Participant: 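My structure is below; once you've seen it, I'll send some questions.
Here the structure is a predicted model, which means the values were calculated and not measured. Because only heavy atoms are used, hydrogens play no part in the values below, and waters and symmetry mates are left out as well, while side chains stay in. Naming convention: chains lettered A, B, ... in sequence-line order (proteins, then strands); numbering from 1 in each chain.
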Amino acid sequence: MNAGLLDGLNAEQLAAVTLPQESALILAGAGSGKTRVLTTRMAWLIQTGRVTPMGVLAVTFTNKAAREMLARLSALLPINTRGMWVGTFHGLCHRLLRTHAQEARLPAQFQILDGQDQLSAIKRLMRAQQVDETRYPARQTQQFINAQKEAGQRPAQVEAFDARTRALRDLYVGYEAQCQKEGVVDFAELLLRSVELLRSNEVLRLHYRARFIHILVDEFQDTNRLQYQWLKLLAAPEHAVFAVGDDDQSIYGFRGAEVGNMRDFEREFALERVIRLEQNYRSFGNILDAANALIRHNQGRLGKNLWTRAGAGQPVRVYEAFNDGEEARFVVEEARALMAEGLPLSQIALLYRSNAQSRVLEHALFAAGIGYRVYGGQRFFERLEIKQAMAYLRLAAHGEEEGAFLRVVNFPPRGVGTRSLELLQSTAREQGSSLYQAARQSTLTGKAGAGMSAFLACIERLKEAASALPLAELVATLLQESGLLAHYRADREGADRVENLEELVAAAASFEHESELSDLQAFLSHASLESGEHEAAPGLDALQLMTVHAAKGLEFQAVFVCGLEEGLFPHENALTQSDGLEEERRLMYVAITRARDRLYLTRAQSRMLHGQVRYGLRSRFIDEIPPALCRWLSPSAKSSMPRRLLNQPTGDLPQPAVQAVSPAPALGLPFFMGQAVRHEKFGYGVVLQCEGGGGDARVQVNFRDVGVKWLALGYARLVAQ
DNA sequence: TACATCTTTATTTTT
DNA sequence: TAAAGATGTA
């Protein structure tokens, strides 16, 4: 009976899926069938009667991963997955807090602030408290508060030894009070509140502990401290936590992810086994060997080596372009060749470290008439017009939320100016009431202006509509009543926004409500927790452009990793951060392991960065890949060849697209900008600038190991490479 | 209040 | 370079 379920699993996968009831860590390498193991494990537990669907808790980081897990589970088993606790950390915490709002000291209709909402709430607070925003930028305050929450700390626990930290802590205090007053909760608060609720409320804790016999965690390496605490609270000692992760793919340290949770988990849950999934079903051998060799340069790994039955496949192609434009041209030509071989465009990915790099690539693709799609950027529920519409909805549902009120009280413009708002805010503060209440009072006493009265009347009508109409009709009504639709229709450049607003009605119509909540409340939460897809329009065959971060979890037949230069990838900012370089290397590891058949690594000797030409050294990551796995396609530029490869035959190279042109030496100096040089003490570097001539000529050199230095040519023994 | 001009700054980002 | 934020002008 199990044969179908367990069919085709390899020995390690099988061992993981059928583990006895004990906590375990599954070290799942890239492309090792991680999701399959996770879903099959869940199905197997249920099918063999070890747990009921309601006794399972499965947690992921993204809505997409949660949806995929549910979809695959329903495909494996004929069960109703509705009501199962499968979701993101935030989604599940939200569910917990809705169910126990009172115990968590939250109003029943609490609203969720996304990152944008949180930032504007903090700006509003700082203005009210007259904090100098040049000394304390709102962004930093936001980061501070989130970091504290993610460390599980309330203001009282924050140690402040200096004035700055004290000021930030005070803002944290004020921010908490403001949120509590308005009945809003930010992302980090969803988690922290849940942790505090479970910690302080023993009845609840025991209830959930009795229920969740099996807890499964996806992408465990990305958990932060708070998420790990949450797991520990929900996991009864006798129950099993099945954590799947890959320390080598931990690339979110910068936002609080703690790879250390893996080691802690191993220790604190007294794990008997760590299962390694090392057989890779995605890439050919050369690509895996490149990834393995690269990641071996990191210290303190849990250790893992990917292998495949697929054979070596193609060599890794390396190309050093003269500049960024030429790098893009190379990518375009190769992409064309791959297309000619019959590869669909959607199977080719262009990966880069930072978004700014997409511009040159896009330009070249556009000029070549190749369809492409750039990932990232603004998402549906983050768009201004959608935010505005949602603000009306939030006011209809809730009313006390100042952020929503301020966002649309004068939008579309109805003559509510700064003065009347300031007046309103001070009365509200005096009375300790919300802006909405204060505004209502001002209409009763006849003090409100026409615009304000119209606004309030609109909200009143929406409140009525909210209880009388189905969701989609409510949204349609709101668009009319508020004047949003009319406003954007009148705008010559508002066509896109009108389209989006209409799509919001469609989204509301297709939104399927969750059991106990009203449609409206559920829709509001949905909009905050799932800000909309970043995915391609299906059926559109386009080349895929994205950052390496965005590519995590995806795979493509051909992958180009562009901009492999010191300073860019690894990024210069990362070098000063602890664990920064290793995280960059993991990022490179993720990039490499996205490729199935073909991997290209490209780099430009110079590129335009911040409006200036920059000469970068070849990324150390290229050098960390064994030359035997690579084929160099670069034009003859000698200085750009790897030193150890200079005498190696290059095989049947295609003709280079563009010949590299050496810039003429300037001012009769023996060195020119962009030239690779070597210094006895400082090592390898690239010439950035030349100055003077004759006896007191100086050159500025960017050394790989010691950074930028000025050298007087009269003294320094600099050798051209 | 809206628009123009200037200054500043420049990773990665889900929920 | 180019976008966002800040400041100044009609």
Participant: Under 6.0 Å between ring centres: does that hold for F455(A) and F405(A)?
Facilitator: yes

Participant: From NE2 of H90(A) over to P of dT15(B), roughly how many Å is that when rounded to an integer?
Facilitator: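 These atoms are roughly 9 Å apart.
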
Participant: Less than 3.5 Å apart, any donor N or O on the side chain of N261(A) or T223(A) sitting next to an acceptor on the other?
Facilitator: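 Judged by distance alone, the side chains do pair up.
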
Participant: How are the rings of F411(A) and Y488(A) set relative to one another: parallel (under 30°), tilted (30 to 60°) or perpendicular (over 60°)?
Facilitator: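 The arrangement is tilted - the two ring planes meet at 30° to 60°.
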
Participant: State whether the side chain of R407(A) and the backbone N or O of A391(A) hold a donor-acceptor pair below 3.5 Å, judged by distance alone.
Facilitator: no

Participant: Keeping the roles fixed (side chain from R603(A), backbone from G616(A)), state whether a donor-acceptor pair exists under 3.5 Å.
Facilitator: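 The answer is yes, because a donor-acceptor pair under 3.5 Å joins these two groups.
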
Participant: Are Y208(A) and H100(A), when compared by the centres of their aromatic rings, separated by less than 6.0 Å?
Facilitator: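 Ring-ring flag for Y208(A)/H100(A): true, centres closer than 6.0 Å.
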
Participant: Between dT13(B) and dA4(C), how far apart are the P atoms? Round to whole Å, please.
Facilitator: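 It works out to 16 Å between them.
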
Participant: May I ask you to decide whether E565(A) forms a salt bridge with R607(A), counting only side-chain N to carboxylate O separations under 4.0 Å?
Facilitator: yes

Participant: N/O contacts under 3.5 Å, protein versus nucleotides 2-8 of chain C?
Facilitator:
| from | atom 1 | to | atom 2 | distance (Å) |
| --- | --- | --- | --- | --- |
| dA2(C) | OP1 | R359(A) | NE | 3.1 |
| dA2(C) | OP1 | R359(A) | NH2 | 3.1 |

Participant: When the distance from NE2 of H363(A) to P of dT1(C) is rounded to whole Å, what number comes out?
Facilitator: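 Rounded to the whole Å, the gap is 13 Å.
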
Participant: I'd like to know whether the aromatic ring centres of F110(A) and H398(A) sit less than 6.0 Å apart in this structure.
Facilitator: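 Distance test on ring centres: not under 6.0 Å, no.
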
Participant: In whole Å, what separates the P atom of dT12(B) from that of dG5(C)?
Facilitator: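 About 15 Å, rounded to a whole number of Å.
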
Participant: How would nucleotides 6-13 of chain B be written as a contact map, 5' to 3', with B for base contact, S for sugar-phosphate-only contact and - for no contact, using protein heavy atoms under 4.0 Å?
Facilitator: ----BBBB

Participant: Salt bridge or not for D218(A) and K34(A), using N-O below 4.0 Å?
Facilitator: yes

Participant: Taking the six-membered ring for Trp, are the ring centroids of F254(A) and H549(A) within less than 6.0 Å of each other?
Facilitator: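 Here the rings of H549(A) and F254(A) have centres that are less than 6.0 Å from each other.
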
Participant: Between the protein and nucleotides 1-3 of chain B, are there any N/O to N/O pairs under 3.5 Å, and if so, what are the atom names and distances?
Facilitator:
| from | atom 1 | to | atom 2 | distance (Å) |
| --- | --- | --- | --- | --- |
| dT1(B) | OP1 | N410(A) | ND2 | 3.2 |

